[in-house]
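See below for the structure under consideration.
All heavy atoms count here, side chains included; hydrogens, waters and symmetry mates do not.
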Amino acid sequence: MELLQLEYFRTVARLEHMTKAAKELQIAQPSLSKTIARLEEDLGVPLFDRQNRHIRLNAYGKLFLARVNNVFNELQEGKREVLALTEHVQNTIVLAVSIPRVLPDLLGSFLQLHPNARFQQFLEGASSMEHLLTQAEIDFCISSVPMIGEDVIWEPLITEEIFLIVPPGHHLAKRERIRLDEVRNERFVSMNTGYGFRNLTDSFCSQAGFTPQIAFEGDEPGVIRDLVQQGLGVAFVPGISWVRDESSFPNRIRITHPTCQRTIGIGWSKRRYLSPVATEFRSFVTDYFAKVALRLQQLSKKSPH
């Protein structure tokens, strides 16, 4: 059994089409068919169900594919460990996030201590991050949605309050606290459907007994704040948004019911090799959010206005 055989098998299993697989692998189809047949002969079981020209991965094939994928994942991680001896790879941290607002200060603070570190960053939704983690394709993810998967470790970092912001001159602008059902008839400026924060705030509205009327959807928190300031609607904003600048959200209101909070955490895969600088970053993130939590406690004692 050779690695080339296994790579051919993975391609055929993914495409479930011998001709397409042969084209992608740039080999003749008869040669590919013979390779798969020899692999099945070595194993003593068929890996595909065949009907005319159609093939489907069967139960044996699915079981074997999972093991083959593990083999290639281990080889990839071995390659990364060897390459980590070089400065470039050793100092690169691959990071996926769903809360971009914290990144400038978080990464900037870390780079002051580790100026040779490099970041490769992805802005992803929860399902994409979970896939990247389970496939050990990234070092870390920072998200408000817990990551669950085989060999995935998820560590909560901070639980923060979610507020409502309203335009200047809005009839609720002078209120310090409201029940969420008081804004059931308001137009909302919101994150795009599919983002973890959007799913969370939609659930808050559902608990309050209504579905929000969305006036605008976007993926940039700064734009959402500006649109609220221009009077386009009201919006949910996490407390972490004004840790560095209290004046950026002057008309924020605390929600008394339902409880509006989210927990931010960091996730990583036990299967992925972490370089020394990546391990340092994980510790730094924990300390960073501990300081943010302390700052949020101080701000929570002040009036939102």
Side-chain angles (χ1 to χ4, degrees), residues 73 76-126 128-145 147 151-160 195-197 219-223 225 238-249 262-299:
N73 286 338
Q76 181 63 28
E77 288 308 298
K79 180 180 178 181
R80 288 188 69 253
E81 288 191 55
V82 172
L83 291 177
L85 295 176
T86 67
E87 181 180 358
H88 177 76
V89 175
Q90 185 179 26
N91 290 333
T92 299
I93 300 169
V94 185
L95 178 67
V97 299
S98 65
I99 45 173
R101 180 167 291 277
V102 305
L103 282 182
D105 188 65
L106 172 63
L107 302 190
S109 300
F110 184 76
L111 288 171
Q112 288 181 1
L113 299 175
H114 301 273
N116 293 325
R118 301 177 178 89
F119 284 93
Q120 182 181 355
Q121 179 217 314
F122 301 94
L123 178 61
E124 300 286 350
S128 296
M129 282 195 294
E130 195 164 85
H131 174 76
L132 291 171
L133 272 183
T134 56
Q135 295 301 310
E137 294 179 14
I138 57 176
D139 292 317
F140 305 107
C141 77
I142 299 176
S143 168
S144 58
V145 178
M147 297 290 107
D151 296 321
V152 170
I153 299 174
W154 175 252
E155 182 178 287
L157 295 167
I158 186 175
T159 297
E160 62 172 338
Y195 278 79
F197 189 71
D219 57 8
E220 174 50 54
V223 172
R225 175 199 61 196
I240 202 171
S241 299
W242 55 82
V243 166
R244 297 294 173 185
D245 182 10
E246 292 182 64
S247 64
S248 58
F249 297 95
R262 72 169 177 179
T263 297
I264 296 171
I266 183 170
W268 66 93
S269 172
K270 292 187 292 184
R271 291 192 359 244
R272 184 174 174 91
Y273 166 76
L274 295 178
S275 67
V277 73
T279 303
E280 285 284 336
F281 179 71
R282 185 174 63 196
S283 298
F284 181 85
V285 169
T286 301
D287 293 340
Y288 175 88
F289 277 96
K291 294 174 182 177
V292 170
L294 180 60
R295 177 61 176 156
L296 286 177
Q297 288 178 4
Q298 295 170 344
L299 291 175

Would you mind reporting whether E130 and L133 have side-chain heavy atoms less than 4.5 Å apart?
-> no
Between F281 and F119, how do the two ring planes meet: parallel, tilted or perpendicular, split at 30° and 60°?
-> perpendicular
List the steps and the verdict of side chain to side chain contact (heavy atoms under 4.5 Å, CB included) for S143 and W154.
-> CA-CA 10 Å; S143 168; W154 175 252; 4.2 Å; yes
Begin with the C-alpha distance, continue with both residues' side-chain angles, and end with the deciding distance and a verdict on side chain to side chain donor-acceptor pair (under 3.5 Å) for T286 and E155.
-> CA-CA 9 Å; T286 301; E155 182 178 287; 3.3 Å; yes
Report the C-alpha distance between F140 and L274 in whole Å, list the side-chain angles of each, state the deciding distance to 0.1 Å, and finish with yes or no for side chain to side chain contact (heavy atoms under 4.5 Å, CB included).
-> CA-CA 9 Å; F140 305 107; L274 295 178; 4.0 Å; yes
Where is the tightest heavy-atom contact between A96 and I138, given as atom of each residue plus distance?
-> CB-CD1, 3.8 Å
Is any side-chain heavy atom of F289 closer than 4.5 Å to a side-chain heavy atom of L296?
-> no
Can you tell me how far the CG atom of L106 sits from the CG atom of L95, to the nearest 0.5 Å?
-> 7.5 Å
Partners of E160 by salt bridge (charged side-chain N to carboxylate O under 4.0 Å, His left out), sequence neighbours excluded?
-> R262
Can you check side chain to side chain contact (heavy atoms under 4.5 Å, CB included) on D151 and T134, steps first, answer last?
-> CA-CA 7 Å; D151 296 321; T134 56; over 6 Å; no
Between CD on residue E137 and CZ on residue R271, distance to nearest 0.5 Å | 9.5 Å
So do L113 and F284 actually touch side chain to side chain, heavy atoms under 4.5 Å?
-> yes
How many angstroms lie between atom CG of D139 and atom OG of S269, to the nearest 0.5 angstrom?
-> 10.0 Å
Separation of F110 CZ from D105 CG (nearest 0.5 Å) | 14.0 Å
Roughly how far, to the nearest 0.5 Å, is OG of S98 from CD1 of I264?
-> 8.0 Å
Using a 4.5 Å cut-off on heavy atoms from C-beta on, say whether the side chain of M147 contacts that of V145.
-> yes
Is V97 close to L103 at the side-chain level, that is, under 4.5 Å between some pair of heavy atoms?
-> yes
Where do A117 and V277 come nearest, in terms of heavy atoms and distance?
-> CB-CG2, 4.1 Å
Measure the CH2-SG distance between W268 and C141 for me, rounded to the nearest 0.5 Å.
-> 10.0 Å
Tell me, do I93 and R118 make a side-chain contact under 4.5 Å, heavy atoms counted?
-> no
Hey, are the side chains of V94 and Q121 touching, using non-hydrogen atoms and a 4.5 Å cut-off?
-> no
